[in-house]
Number of protein chains: 2
Amino acid sequence: MATMTDVARRAGVSVSTVSYVLTGTRPISAATRDRVLEAMAELGYQPNALARGLASRRSNIVGLLLPLTGRGLGATETAFVTGATEAARKAGYHLMLCPVGAEDTDELRALATQRLLDGFLVMEVGLTDQRVDLLRTLDTPFVLIGRTADTGGLACVDIDFEQTVDDAVAHLVGLGHETIAYVNHSGASLAGGYGPAKRTEEAFEAALERHGVTGVMVPTEDTASGGRAAIRQARERCPDLTGVLVMNENAALGILADLRESGLEVPFDVSLVSMVTSEVVADLASPPLTAMTSPGTALGAAATRVLLDRLAGDGVAGDPTYTELVPCVLDVRGTSARARRRTNTAASRRR
Amino acid sequence: MATMTDVARRAGVSVSTVSYVLTGTRPISAATRDRVLEAMAELGYQPNALARGLASRRSNIVGLLLPLTGRGLGATETAFVTGATEAARKAGYHLMLCPVGAEDTDELRALATQRLLDGFLVMEVGLTDQRVDLLRTLDTPFVLIGRTADTGGLACVDIDFEQTVDDAVAHLVGLGHETIAYVNHSGASLAGGYGPAKRTEEAFEAALERHGVTGVMVPTEDTASGGRAAIRQARERCPDLTGVLVMNENAALGILADLRESGLEVPFDVSLVSMVTSEVVADLASPPLTAMTSPGTALGAAATRVLLDRLAGDGVAGDPTYTELVPCVLDVRGTSARARRRTNTAASRRR
DNA sequence: TTGAAAGCGCTAACAG
DNA sequence: CTGTTAGCGCTTTCAA
């Protein structure tokens, strides 16, 4: 394993010169640079990342804080991760997966104090989040993927739920739908203040009003069978129902199956728009889901970019508050169509 | 940021003593240990991971080599990743995501030579794999998740495809099915020597013979529409078909939809077993898929364990060849049932 | 059972 | 434009 000293000797220069051609922190004559580069190549030299980090106080590694709660990651979260990883790599950074739960503050404190990581990307952010509170007190830079209730002084990158819900409602209204159900995340999520659940709930109310249509929100478990239960409940409460928005992909598939088994045809009797959805899952349904496609990789990449910018900013900026919202984009596939005239008949057929 | 020197001063001992209470590499009297621990607690001391790594020549980080090829990770791969991450964390290691393509040998060489990582987990291994060839020449420990053609001298952890295929065929045969189609990965995968595709192809042939039934293999794209095309082709070539094995989850959903639209009822006209499948996707289908459930997290954890064992082994063991195979386990859900008597009639109904 | 001190391989003043 | 050198914070002989 060749060291920098070896390279210096071989090139006939001092170690600092070698170091400077590597970091580019000071001008080097073309001639010496070439000699150094050549020596490096001949020796197959690679700088020792640990030594480098110790001396420069920068590891070039960022941590991705990711509560690994049993069930594993969904397609959307996975896209975040790969987007962030790719973006970091392109910027010469590495990404470390840090499976620390929302409650594991001790572990997070240790992690942040070990100086292994230059900063953090925080996933699965709650409206109030202990990890965020902790990170604020430490001197570690971080950016949230998601938002807390109070984003003052924080850097956040998140889905623009308001816009996304409004776009989805607009799509359905544009197709003539006038009674719309919103199948949200679970009641527990809502009670627990889970950001996406709360925000979309409010956005849905606002969108109904803005577009002059009526509707109802139903909370659900994020599973296919949860979706089945939800759509039954929604139809009971709203027999005229012809449009459905659903927050969770798994629930969307359940809804689709349940409607079909109830003798209702999608999209002709009922139109369905799946929110924050990955393309794979959308394509996997029959018919493929009309969806607000989750900007997963873009979000991960954006968050990384923001974090790395701060790291480059080398010190605390004046007001570090910064929020970047990315809406999902509508992909019309097979589950949405113009509302039928006599929707009542169709929707009530089974009752 | 307290350093070890601070702790030593406060506890009234030398730095080396502090170091030894941390590493446990030499006996310390209970009294001094307590004083040191107390000092650490008072100062909120955390060892600097970079300094530690530099001095000890071990970073306590392992890299997960993961070709991030556009489309992102499937549920099974994601489970690998989370399983490995969790296992590493429990052993006091960190896991770094290394998105290096199968061809990026230069990048891999740099990564391995930088001494940032103590070892590698290699995902998406091909029958011949440049990354493996390279890692062999370097002195970095690594273990494959998957297998190359020649596993001599390598540590591998993989799915037991032979067993898995045989179990699946046995399940169908036990239900009275006598003509079985196997919808494999794409023809390109097969031609390219993709391990799972080749291995299952052979295992399928063997299983047919062993169980005394007939069948046909059809390659397919790993998408829902690929599955649709495949099942049509299979039924054309084998009108008696009543059992289907499918390698890809997305294709499985396509097959399900296509059979239904052809007027065939699953599981009564045709039984379907989805191979190497995640529980989420299985539950998302209607009816939920009978599947050979992918041991994703278990595999990731097993691979990590093997790697960390080698790292602890501190040097090259005698014969480093080691292979651990984990079969998928059969989860009977809604897509498999006893074969109907007059399967011919049912299967031919549409022709 | 403990301490002293020599590095680990690099960066970044400081000095020319 | 280049060299000298003092650390970065820890581990690990060597010596007691």
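Numbered from 1 within each chain, the chains take letters A, B, ... in sequence-line order.
Between B/Tyr93 and B/Asp118 there is a side-chain heavy-atom pair separated by less than 4.5 Å. Using a 4.5 Å heavy-atom cutoff, the side chains of A/Pro295 and A/Ile159 are in contact. Counting only heavy atoms from C-beta outward, the side chains of A/Gln130 and A/Glu103 approach each other to under 4.5 Å.
For A/Asp118 and D/dC8, the CG to P distance is 19 Å, given to the nearest whole Å. The nearest whole Å value for the distance from the CG atom in B/Leu50 to the C1' atom in C/dT11 is 13 Å. Following rounding to the nearest Å, A/Leu54 (CG) and D/dG9 (P) show an atom-to-atom distance of 7 Å. Counting to the nearest Å, the P atom of C/dC8 and the CZ atom of A/Arg52 are 19 Å from each other. Here the P atom of nucleotide D/dT11 and the CZ atom of B/Arg115 are 18 Å apart, to the nearest Å. Atom pair A/Arg9:CZ and D/dT4:C1' shows a separation of 16 Å (rounding to whole Å applied). Atoms CG (A/Asn48) and P (D/dC10) sit 17 Å apart, rounded to a whole Å. A/Met4 places its CE atom 15 Å from the C1' atom of D/dT4, with the value rounded to the nearest Å.
Listed by chain and residue number, nothing satisfies the side-chain hydrogen bond (donor to acceptor under 3.5 Å, both in side chains) test with A/Thr151 (two or more places apart in sequence, or in another chain).
Between the side chains of B/Ser16 and B/Ser19, no donor-acceptor pair is found at a separation under 3.5 Å. Between the side chains of A/Thr82 and A/Thr85, no donor-acceptor pair of N or O atoms lies under 3.5 Å.
As judged by a 4.0 angstrom heavy-atom cut-off over every strand, B/Ser19 is placed among the base-contacting residues. In this structure, A/Val13 reaches the sugar-phosphate backbone alone: every heavy-atom distance under 4.0 Å involves primed, P, OP1 or OP2 atoms, never a base. As judged by a 4.0 angstrom heavy-atom cut-off over every strand, A/Ile28 is placed among residues touching the sugar-phosphate backbone only. Using a 4.0 Å heavy-atom cutoff across all strands shown, A/Ser16 reaches at least one base atom of the nucleic acid. In this structure, B/Arg57 reaches the sugar-phosphate backbone alone: every heavy-atom distance under 4.0 Å involves primed, P, OP1 or OP2 atoms, never a base. Counting non-hydrogen atoms under 4.0 angstrom, B/Thr25 reaches nothing in the nucleic acid.
For B/Ser14, the side-chain atoms get nearest to C/dA4 when compared with the rest of C/dG9, D/dC14, C/dA4. Out of C/dT11, D/dT13, D/dT11, the shortest distance to the side chain of B/Arg26 is found at D/dT13. When each of D/dC10, C/dC10, D/dT11 is scored by its nearest atom to the side-chain atoms of B/Thr3, the top-ranked nucleotide is D/dC10.
When each of B/Tyr20 and B/Ala51 is assigned the nucleotide of DNA chain D with its nearest heavy atom, B/Ala51 is the one assigned upstream, toward the 5' end.
Residue B/Ser29 has no polar side-chain atom (N or O) positioned under 4.0 Å from OP1 or OP2 of C/dT1. An OP1 or OP2 oxygen of C/dT2 is reached within less than 4.0 angstrom by a side-chain nitrogen or oxygen of B/Thr32. A sub-4.0 Å separation between OP1 or OP2 of C/dG9 and a side-chain N or O of A/Thr5 is absent.
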